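Presented below is the structure to which this report refers.
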Amino acid sequence: MKKTAEKVTIIGAGPGGLATAIALRKQGIDAHVYEKARDLRPVGAGLGLMPNGLRCLDAIQPSILNTLKNSGCQLQKTTLKTISGETIRTNESTTMAKYGQPTVTIWWWRLQQILASFLPPDVIHLNHRCIDFEQNENNVVTYFENGKTAQADLLIGADGANSVVRQKLIGDGEPQYLGSMSWRAVLDYKEELLPPDEAIIMKGEKSLFFIFNLGEGNMNWIAQKVLSEASFSSTPAETKSRVFKEYANWNELVQKVIEVTNAERILETPICQRLPLKQWSYGRVTLLGDAAHLMPPSSGQGTNTTFEDAYELAECLGNCPDLETALSTYDKRRIQRTAIIQTRSAKEEEFQNWLYDYDPKSESRLKPWQETVTV
Ligand SMILES: Cc1cc2nc3c(=O)[nH]c(=O)nc-3n(C[C@H](O)[C@H](O)[C@H](O)COP(=O)(O)OP(=O)(O)OC[C@H]3O[C@@H](n4cnc5c(N)ncnc54)[C@H](O)[C@@H]3O)c2cc1C
């Protein structure tokens with residue numbers, strides 16, 4: 001019998017919730033995942049899995065890594081181009097040689113499917129939107145919008161950027177807008193647009209445009225632009241014409257990639273962060289992934305640090321003498337490291353905005369560079 005927790009409720013079937021459920025079940029803990037979506041549909045965009053995240057998945061269950069490597073794309077090179085399409089340089093990927101793991105790009109949905117396939121189907125409860133929870137010294141009860149409840153020894157909020165669990169536990173409001181909007185989409189892979197193992201990065205004055213393969217016949221683009229106010233399109237067609245407008249004077253590749261994208265597939269997202277917390281765990285409730293440490297994508301670490309959380313939380317629950325020690329050890333192992341990564345990623349975003357916002361006609365150009373994020 002586990003002294004830490006026998007039964008665990010996890011909110012969210014994203015990369016964090018699912019990887020944690022796999023890791024906990026391997027420790028003999030009866031972990032159940034509750035997800036608000038009605039089904040696991042093809043949603044989200046592409047993301048990059050880096051050596052630190054891949055190593056944690058490997059430690060959780062080695063066969064996950066092989067499946068991911070076969071399904072996603074192992075990047076070999078990155079080409080940097082100007083907005084008019086001239087190549088500045090091509091860098092060979094060094095992650096394998098330096099860190100023993102490649103960089104794998106994959107569709108968020110495929111990652112979700114692969115992780116879900118390592119769990120018994122009856123432990124993933126779809127159409128369960130968490131709305132509240134109550135804890136006492138013996139257990140924690142989670143309430144769902146559909147009227148159902150779940151009782152467990154521990155509740156893990158892995159419910160992403162707008163976490164309901166975090167709101168109830170910490171109550172620190174909405175994520176903070178960092179001054180850039182992003183548009184992302186997955187489309188069918190076309191070799192005439194992109195070599196199979198290469199990522200293309202184009203940098204304009206206040207904008208970026210990335211294109212990379214995701215494996216299994218899919219590719220992805222990410223556009224990011226410095227915009228002082230977050231603003232949203234009202235229809236998919238409006239989103240697509242907005243991206244066309246924002247990237248109007250960019251090269252033919254960018255125009256083609258946007259043109260062949262189904263407007264319904266374009267995700268329009270503000271780049272946000274949350275400030276690092278001093279404590280994630282209170283009583284029988286803790287946080288994990290974006291819910292605990294939402295960070296901007298500049299260092300590509302959102303999902304990777306989430307897998308670090310999953311591995312460490314399972315280690316703590318599997319090896320500590322009691323729940324209180326397990327959760328305080330988890331906080332100790334994770335908060336400082338993720339706060340450093342959050343702060344550095346946010347500084348990179350702030351720095352780029354300060355750099356590119358310089359305008360000789362505006363008084364704000366005289367504002368000095370200020371470091372506003374503290375660990
Ligand atoms: C432009 C952009 C590019 C990115 N690129 C990268 C990258 O290259 N590499 C990288 O590592 N990361 C990247 N990220 C970040 C990455 O997408 C997230 O960090 C990662 O998906 C976090 O996983 P998670 O499981 O914590 O949360 P999520 O992926 O957000 O999953 C949360 C799950 O919880 C469910 N949920 C939410 N609320 C409730 C509720 N009340 N009840 C029940 N279920 C609920 C959601 O439906 C979802 O399934 C990027 C992000 C952006 C915006």
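Everything numeric here is computed off the predicted structure, so don't read it as measured data. These numbers come from the heavy atoms of this one structure, side chains and all, not from hydrogens, waters or symmetry mates.
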*Taking everything shown except Phe232 itself, do over 12 heavy atoms lie less than 6.0 Å from its CZ?*
yes

*Are side-chain N/O atoms of Thr286 and Arg334 paired as donor and acceptor at under 3.5 Å?*
no

*At their closest point, which heavy atom of Thr329 faces which heavy atom of Cys320, and how far apart are they?*
OG1-SG, 3.8 Å

*What do you reckon, is NZ of Lys26 surrounded by more than 12 foreign heavy atoms closer than 6.0 Å?*
yes

*Specify the closest pair of heavy atoms between Met295 and Gly302, including all atoms of both residues, with the distance to one decimal.*
SD-N, 4.1 Å

Expected list for residues 114-125: side-chain donor-acceptor pairs under 3.5 angstrom, two or more places apart:
unit_1	atom_1	unit_2	atom_2	d
Ser117	OG	Ile114	O	2.6
His125	NE2	His32	ND1	2.8

*Find out if a path of hydrophobic residues (ILVMFWY) with successive side-chain heavy-atom gaps under 4.5 Å connects Leu214 to Ile258.*
no

*Same hydrophobic cluster for Leu327 and Ile156, using side-chain heavy-atom links shorter than 4.5 Å among ILVMFWY?*
yes

*Please report the shortest heavy-atom distance between Gly72 and Val104, naming the atom on each side.*
CA-CG1, 4.1 Å

*Side chains of Glu86 and Ser84: do they bring a donor and an acceptor to under 3.5 Å?*
yes

*Before accepting this row, confirm whether a basic side-chain N of the pair Lys256/Glu192 lies closer than 4.0 Å to the acidic partner's carboxylate O.*
no

_side-chain contact (heavy atoms from CB on, under 4.5 Å) evaluation trace for Asp30 with Arg25_ = CA-CA 6 Å; Asp30 187 18; Arg25 294 189 78 82; 3.2 Å; yes

*Connected via hydrophobic side-chain network under 4.5 Å: Leu187 and Leu267*: no

*Can you list the residues that meet the side-chain contact (heavy atoms from CB on, under 4.5 Å) rule with Ser234, with sequence neighbours excluded?*
Glu238

*In Å and rounded to the nearest 0.5 Å, what is the CZ to OG1 distance from Arg284 to Thr9?*
11.5 Å

Under 3.5 Å donor-acceptor pairs involving side-chain atoms of residues 175-182, not counting sequence neighbours:
unit_1	atom_1	unit_2	atom_2	d
Gln176	OE1	Gln273	NE2	3.0
Tyr177	OH	Ser180	N	3.3
Tyr177	OH	Leu227	O	2.6
Ser182	OG	Thr269	O	3.2

*Count the heavy atoms of every other residue, nucleotide or ligand shown that sit under 6.0 Å from CZ of Arg55, and state whether that count exceeds 12.*
yes

*Quickly, which of Phe209, Phe210, Phe212 forms a ring pair (Phe, Tyr, Trp, His ring centres under 6.0 Å) with Trp221? Name it, please.*
Phe209

*Among side-chain atoms of Ser345 and Ser299, is any donor-acceptor pair under 3.5 angstrom?*
yes

*Would you call Arg333 and Glu312 a salt bridge, using N to O less than 4.0 angstrom?*
yes

*Is there a path from Val43 to Leu47 through hydrophobic residues (I, L, V, M, F, W, Y) whose side chains come within less than 4.5 Å of each other?*
yes

*More than 12 non-hydrogen atoms from neighbouring residues, nucleotides or ligands closer than 6.0 Å to CD on Gln279, yes or no?*
yes

*From Asn91 CG over to Leu75 CG, what is the distance, rounded to the nearest 0.5 angstrom?*
12.0 Å

*Please check if Ile22 and Trp108 belong to a single hydrophobic cluster, counting links between Ile, Leu, Val, Met, Phe, Trp and Tyr side chain heavy atoms closer than 4.5 Å.*
yes

*asked:* Can you tell me how far apart OG1 (Thr20) and CG (Leu288) are? Round to the nearest 0.5 Å.
replied: 4.0 Å

